[in-house]
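Every chain is numbered from 1, with letters handed out A, B, ... down the list of sequences. Computed from a predicted model, the values in this text were never measured in an experiment.
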Number of protein chains: 2
Amino acid sequence: MWLRPSGRAGRDAPPLSRDRIVEEAVALLDAEGADRLTMRRLAERLGTGSTTLYWHVKTKDDVLDLALDTIFAEVAVPRRGEGGWRADVTALINGWRATLLRHPWSAALLGRPMLGPNVLARSEFLYATLLEAGVIEPHLTAAAYGLSNYVIGSALMESTWLTTTEREVEHAAREHVHANRDRYPALAAHGPFVAGDDWDTTFALGLTWLLDGIQATIAGADGAAPA
Amino acid sequence: MWLRPSGRAGRDAPPLSRDRIVEEAVALLDAEGADRLTMRRLAERLGTGSTTLYWHVKTKDDVLDLALDTIFAEVAVPRRGEGGWRADVTALINGWRATLLRHPWSAALLGRPMLGPNVLARSEFLYATLLEAGVIEPHLTAAAYGLSNYVIGSALMESTWLTTTEREVEHAAREHVHANRDRYPALAAHGPFVAGDDWDTTFALGLTWLLDGIQATIAGADGAAPA
DNA sequence: CTGGAGACCGGATCAATGATCCGGTGCCCG
DNA sequence: CGGGCACCGGATCATTGATCCGGTCTCCAG
């Protein structure tokens with residue numbers, strides 16, 4: 001009883017808000033990955049009991065949803081109109097990808113509806129930019145979805161590969177493909193597994209193709225020059 | 001003891017092989033989704049004890065990996081050279097997408113290394129077709145990855161949305177965006193949530209853009225006509 | 001035959017985890 | 001100053017992945 005500054009466990013310890021929980025969850029996810037996130041472990045890091053968390057949050061999935069939306073705050077929304085729609089979209093998409101890769105656990109969580117404010121704000125920017133560029137309806141949805149799906153798929157694949165790699169898996173895969181190179185001639189000669197891929201340029205190429213396709217659908221075709 | 005045809009539980013019941021386990025796992029996943037797959041439930045459907053499964057399979061993740069590779073057997077590998085590389089690639093990718101959508105649980109599992117024989121065979125076909133078409137190295141990897149990532153991302157998004165929808169989520173999302181239409185003007189006016197998307201044509205458009213981009217990198221550009 | 005080796009099966013059990021119940025504790029406001 | 005309310009957490013439950021260990025059946029060597 002003596003010397004208990006505030007009734008809380010530690011001496012500092014801000015009063016444990018939902019924000020603090022999510023913040024710490026992101027830290028834990030970054031540090032140890034998605035499967036190590038436990039309500040108990042999270043609570044321990046926060047210096048509270050595990051059950052206390054349930055007062056601020058309904059379920060563990062809520063924590064994950066909130067954590068996912070939180071990191072989207074990191075992707076900068078470009079100021080529009082600086083270098084044309086292409087530059088703006090490219091900047092957004094690259095920032096998006098960078099954030100997903102900076103938090104490898106995020107890619108595995110993309111299989112849940114993303115409706116947080118940060119995600120919506122980025123989607124809004126994407127739609128607005130494309131609209132202003134002159135992309136019209138059948139292509140508008142395709143463009144927005146196409147770009148999103150491409151980033152998501154790329155990040156998912158790269159995260160999976162990079163996380164899983166290092167262990168014996170990459171080695172085993174390489175060896176297996178090589179051992180059966182009669183069955184997989186093209187893969188053995190050129191496929192992944194043979195040389196460390198340059199993810200960045202690979203991603204950039206695909207993105208260029210998508211942007212070119214989108215640009216071609218614009219009537220006047222007066223967007224930024226195709227580089 | 002009397003009347004025990006074979007010592008097995010039921011009268012038929014083929015002796016429970018690894019294949020039978022995986023087959024039943026796929027059925028269960030199709031019927032009830034990824035989160036309802038339990039070793040106990042799976043064993044029950046097979047008419048055995050749950051612990052017996054561990055004799056044929058090391059972990060639950062093994063079951064998932066095997067199940068994932070199994071459904072890839074469904075995607076038909078086109079006979080090459082019928083309508084040019086574009087037709088072949090398009091057929092493969094569309095089949096791929098169809099399979100992923102037919103088993104919505106699969107999209108969520110894509111965050112694990114896919115190294116099963118069926119997956120590898122499809123990758124091999126993709127690489128071989130692109131190679132033969134004249135796609136060369138910086139673009140080869142980008143093309144293969146780009147296409148894969150695009151299908152994966154698309155299937156993941158569509159499955160997520162379709163699965164989650166039906167419930168109140170779609171309704172709530174639509175309403176939320178509309179309520180804050182001052183913050184999300186473009187989304188409220190054109191975004192998803194406003195009209196049921198035509199996933200098929202949306203997907204086809206993005207695929208066309210990617211294929212156009214790939215085709216443009218081919219030297220002689222003598223692939224099939226761009227339709 | 002026959003007896004044992006090995007494939008195959010499953011009940012009991014363990015540890016980890018998500019979630020709830022319910023009884024606190026301290027602060028604030030009337 | 002006293003009651004209400006936001007907030008906390010120990011005990012507890014059900015579920016699940018996984019292991020231990022002892023049982024059963026088959027089949028082949030001697």
- Item | Pi-cation contact, A:Phe72 with A:Arg122 (under 6.0 Å, within 45°) | no

- First encountered from the 5' end of DNA chain D, between A:Arg40 and A:Thr52: A:Thr52

- Task: May I have the distance from B:Arg36 (atom CZ) to D:dT15 (atom P), rounded to whole angstrom?
- Result: 11 Å

- Item | Exercise: do B:Glu158 and B:Ser154 side chains pair donor with acceptor under 3.5 Å | no

- Message: Between the side chains of B:Asp65 and B:Lys58, is the shortest nitrogen-to-carboxylate-oxygen separation below 4.0 Å, so that they form an ion pair?
- Response: no

- Take the protein atom CH2 of B:Trp55 and the nucleotide atom P of D:dA18, then report the distance between them rounded to whole Å. 18 Å

- Task: Consider the side chain of B:Thr51, meaning its heavy atoms from C-beta on, and name the nucleotide among D:dA18, D:dC8, C:dG18 that approaches it most closely.
- Result: D:dA18

- Electrostatic pair A:Asp88:A:Arg79 at N-O distance under 4.0 angstrom: no

- To the nearest Å, how far apart are B:Leu42 CG and D:dA18 C1'? 15 Å

- Item | Phosphate-side-chain proximity, A:Thr48 and D:dG9, N/O vs OP1/OP2 below 4.0 Å | yes

- Grab the NZ-C1' distance between A:Lys58 and C:dG18 for me, whole Å please. 12 Å

- Task: Would you indicate, yes or no, if D:dC8 has its OP1 or OP2 atom less than 4.0 angstrom from a side-chain nitrogen or oxygen of A:His56?
- Result: yes

- Item | Rounded distance (Å) that lies between atom P of D:dA14 and atom CZ of B:Arg41 | 18 Å

- If you look at every strand shown and take non-hydrogen atoms under 4.0 Å, does B:Leu37 touch a base, only sugar-phosphate, or nothing? sugar-phosphate

- Nearest-nucleotide pick for A:Tyr54, side chain only, options being C:dC9, D:dA18, C:dT20: C:dT20

- Whole-Å distance, B:Ile21 CD1 to C:dC8 C1', equals 11 Å

- Message: Would you say that B:Trp96 contacts B:Ile93 through its side chain, given a criterion of any heavy-atom pair below 4.5 Å between the two side chains?
- Response: yes

- Message: Considering every strand and a 4.0 Å limit on heavy-atom distances, what is the contact class for B:Thr59: base, sugar-phosphate, or nothing?
- Response: sugar-phosphate

- Query: Roughly how many Å is it from CG in A:Asp35 to P in D:dA18, rounded to a whole number?
  - Reply: 12 Å

- What integer distance in Å separates A:Lys60:NZ from C:dT20:P? 14 Å

- Task: Give a yes/no on whether any side-chain N or O of A:Thr38 is located under 4.0 angstrom from OP1 or OP2 of C:dT17.
- Result: yes

- Query: Looking for any heavy atom pair under 4.0 Å, which part of the strands does B:Leu53 touch: base, sugar-phosphate only, or nothing?
  - Reply: nothing

